[in-house]
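It should be emphasised that the depicted structure is a prediction, and the values quoted were computed from it without experimental measurement. Per chain, numbering begins at 1; letters A, B, ... match sequence-line order.
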2 protein chains.
Amino acid sequence: MSTPERLIESTRELLWERGYVGTSPKAILERSGAGQGSMYHHFKGKPDLALAAIRRTAQEMRATAEGVLSGPGTPYERVEAYLRRERDVLRGCPVGRLTMDPDVIADDALRAPVDETLDWLRARLAEIVEEGKERGEFASSLDGGEIAAAVVATVQGGYVLARASGSPTAFDAAVRGLLALLAPPEDRTR
Amino acid sequence: MSTPERLIESTRELLWERGYVGTSPKAILERSGAGQGSMYHHFKGKPDLALAAIRRTAQEMRATAEGVLSGPGTPYERVEAYLRRERDVLRGCPVGRLTMDPDVIADDALRAPVDETLDWLRARLAEIVEEGKERGEFASSLDGGEIAAAVVATVQGGYVLARASGSPTAFDAAVRGLLALLAPPEDRTR
DNA sequence: GTCTATAGGGGGATAGAC
DNA sequence: GTCTATCCCCCTATAGAC
């Protein structure tokens, strides 16, 4: 792997583990094996390198989600597949966690990829819910955008609950709870 | 206010704004107006002071939630009141945000109040949902603990969406989506 | 491209005077 | 209880040699 490549990958890992404020250039250098000079040759500084890392992580998350959401199955099944998708729950969401980073929120350039990714995800899920409404799978009274927001929020909040307790249990419970509420009425009494 | 008191209050504010990693003793001193010596006289160090601050914030959140949850109304109405409670959405949850702080998660003493608070909240909501099931307000097939987890997760995740976009809109959308799913069946076609 | 040297400021804490 | 002095290491970046 090239040096810029190794720098970006190491930064991605550290941002996921420790956030932006908790990640120092020195830590990135140690993890990547690159030298001080290399880093400042390829990137303008910490924000520049972080931006490259965040953009890549956001792109990756989007691709993963699209893989599940465009898969086979009814709308309900695709939403379920998204919610039940395998996750490293205790590590949290590498995109969502950045919203708790004051320096990311304060910098529009760093916040943009985070915003765009979560927004895209919501819009994509909203489409699917609307499709489910047309097929009679979801109540026509529901708002696709609102349900989509609830789905994304449940996942993001599930990470919070799991990390607080040190166990993925609460994440799974929240997902099951939401799926039970989403289940078509005829399945309700199962 | 006494000096220890001012130190704790300043620490609470900074932990909310910048998290544990992003909060330095120096910043606490500046905000509280206390001197270096005072701080290390009253507290063993940053973790000790943070623990006092986190405990108080956790206690306060619990009291606020209990105030709403033990209020008047049917179980659905009380859950709704909790979800719609006025919040400074863009500031995030002062307790939940700590789960994204690596140094908090790594320290059992600091994590404990966070865990206990969110766990208590879930249990309290679960009771209310079970009560609602008995009254026929919620489907008997639902699991109180799972619905409670979904409710708490939606709130915590709502903060993430709001902060990503820089607007409370997404938080409100997620809450409305969840409430629509929770609404008793006879209200579904409204 | 990568290395080492250098730099000013901050993080987190201790010591001892008052 | 509070103040100042002091400490060592880390943070982030620049400069210039190789």
Gap between atoms [atom1] and [atom2], on [X] and [N] respectively (whole Å):
X	N	atom1	atom2	result
B:Leu14	C:dG11	CG	P	11 Å
A:Phe43	C:dG1	CZ	P	12 Å
B:Tyr20	C:dG11	OH	C1'	11 Å
A:Asp48	D:dT12	CG	P	15 Å
B:Arg6	D:dT2	CZ	C1'	11 Å

Given [options], which nucleotide is nearest the side-chain atoms of [X]?
X	options	value
A:Tyr40	D:dA13, C:dG12, D:dT2	D:dA13
A:Pro47	D:dT12, D:dA13, C:dA13	D:dA13
B:His41	C:dA13, D:dA13, D:dT2	D:dT2

In plain terms, say whether [X] and [Y] are close enough for a salt bridge, that is, a side-chain N and a carboxylate O under 4.0 Å apart.
X	Y	result
A:Arg78	A:Glu127	no
B:Arg84	B:Asp172	no
B:Glu9	B:Arg6	no

Notebook entry, point to check: Can you find a side chain N or O atom of A:His42 that sits less than 4.0 Å from OP1 or OP2 on C:dT2?
Noted result: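 Yes, because at least one side-chain N or O of A:His42 sits under 4.0 Å from OP1 or OP2 of C:dT2.
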Check: So does B:Thr3 get a side-chain nitrogen or oxygen closer than 4.0 Å to the phosphate oxygens (OP1/OP2) of D:dT2?
Finding: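 Yes, B:Thr3 has a side-chain N/O under 4.0 Å of OP1/OP2 on D:dT2.
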Checklist line | Main-chain N/O of B:Thr99 paired with A:Arg163 side-chain donor or acceptor, under 3.5 Å | finding: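 Checking the backbone N and O of B:Thr99 against the side chain of A:Arg163, a donor-acceptor pair under 3.5 Å is found.
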Notebook entry, point to check: So which residues get pulled into B:Met1's cluster when ILVMFWY side chains under 4.5 Å apart are joined, directly or through others?
Noted result: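 Hydrophobic cluster check, B:Met1: no partners found.
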Item checked: Axial cation check for A:Trp16 ring with A:Arg91, 6.0 Å and 45° limits ->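 Checked: cation-pi criterion met.
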Throw together a table of side-chain donor-acceptor distances under 3.5 angstrom for residues 19-26 of chain B, partners on residues two or more places apart or in other chains.
| residue | atom | partner | partner atom | Å |
| --- | --- | --- | --- | --- |
| B:Thr23 | OG1 | B:Leu14 | O | 3.2 |
| B:Thr23 | OG1 | B:Gly19 | O | 2.6 |
| B:Ser24 | OG | B:Ala27 | N | 3.1 |

Note to self: Below 4.0 angstrom, which residues in residues 25-38 of chain A have at least one non-hydrogen atom near DNA chain D?
What the structure shows: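 The answer is A:Pro25, A:Lys26, A:Gln36.
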Next item on the list: Select base, sugar-phosphate, or nothing to describe what B:Thr23 touches, counting heavy atoms under 4.0 Å on all strands.
Entry: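 Sugar-phosphate contact only.
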